[in-house]
Visitor: 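Quick one: this structure, given as structure tokens, is what I'll be asking you about.
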Amino acid sequence: GEVLQMIDANQDAYYEASLFLPLALQEMVGSSAPQHGGRRAGILGFREHIFSDIGLLGRLAADSEFTFGTIVQRTMDWPLEARLHYGHPDVMDKLQMLQQGGVSKGTRGLNLSEDVFAGLDLALRG
């Protein structure tokens with residue numbers, strides 16, 4: 001296919017993901033896919049489903065992640081236009097990722113979070 005979905009090893013399959021995935025694929029592939037400067041979107045981001053059962057501390061960590069994944073990321077997207085890849089299950093255009101040498105290019109010890117480099121490379125390539 002033409003679309004990659006980034007999923008963490010510790011991420012479970014949950015019902016909400018099965019509902020939004022067909023809509024996400026329509027956004028990325030097909031004649032009705034929106035074009036941005038002659039190209040379709042390279043990254044379609046979704047917030048990560050965070051859950052914890054370790055009490056108040058886990059709930060606070062999950063709530064802060066929810067805040068960052070919604071309010072902060074939306075502000076970075078508009079008006080700043082600086083949102084890079086963060087979170088899973090983001091959907092990416094496979095052809096654009098192959099043209100830039102792959103999704104993750106982090107080196108051991110230098111890049112602790114290699115996820116952001118996919119978005120950075122995509123933004124730098126226009």
Side-chain angles (χ1 to χ4, degrees):
E2 299 178 12
V3 177
L4 300 172
Q5 182 181 17
M6 305 290 109
I7 298 178
D8 277 344
N10 63 350
Q11 185 174 347
D12 291 332
Y14 50 96
Y15 183 66
E16 298 94 67
S18 66
L19 295 176
F20 77 75
L21 194 56
L23 298 174
L25 291 176
Q26 286 180 0
E27 190 76 20
M28 295 290 288
V29 181
S31 60
S32 63
Q35 300 288 317
H36 305 282
R39 296 171 63 183
R40 66 179 176 197
I43 298 176
L44 185 59
F46 298 97
R47 91 173 177 84
E48 193 170 353
H49 184 76
I50 304 291
F51 59 92
S52 175
D53 61 352
I54 60 172
L56 180 61
L57 183 61
R59 177 68 185 183
L60 291 173
D63 288 345
S64 66
E65 183 68 28
F66 173 77
T67 302
F68 179 75
T70 55
I71 298 169
V72 174
Q73 289 293 309
R74 288 178 184 171
T75 304
M76 289 178 72
D77 182 42
W78 185 87
L80 299 177
E81 295 183 3
R83 184 192 189 276
L84 302 178
H85 166 63
Y86 177 83
H88 303 273
D90 285 0
V91 177
M92 299 182 177
D93 181 7
K94 178 183 171 183
L95 300 176
Q96 291 183 41
M97 292 300 127
L98 286 175
Q99 290 173 354
Q100 67 186 30
V103 175
S104 299
K105 291 187 274 313
T107 59
R108 196 171 125 201
L110 176 63
N111 305 325
L112 298 177
S113 176
E114 76 281 354
D115 296 340
V116 74
F117 291 102
L120 179 64
D121 284 344
L122 189 68
L124 291 175
R125 292 173 185 263

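We count residues from 1, following the sequence as given.
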Visitor: Starting at CG of Leu4, measure out to CE of Met28 and round the result to the nearest 0.5 Å.
Guide: 8.5 Å
Visitor: For the CG atom of Leu95 and the CD atom of Gln100, what is their distance to the nearest 0.5 Å?
Guide: 11.5 Å
Visitor: Can you name the nearest heavy-atom pair linking Val91 to Ala24, along with the distance?
Guide: CG2-CB, 4.4 Å
Visitor: What is the distance from atom CD of Gln26 to atom CG of Leu44, rounded to the nearest 0.5 Å?
Guide: 12.0 Å
Visitor: Given a cutoff of under 4.5 Å between side-chain heavy atoms of I, L, V, M, F, W and Y, with clusters grown through shared members, what are the other residues clustered with Leu56?
Guide: Leu60
Visitor: Is it the case that atom CG in Leu124 sees more than 12 heavy atoms from other parts of the structure closer than 6.0 Å?
Guide: yes
Visitor: Please name all residues satisfying side chain to side chain contact (heavy atoms under 4.5 Å, CB included) with Glu2, sequence neighbours left out, ordered by chain then number.
Guide: Val29, Arg40
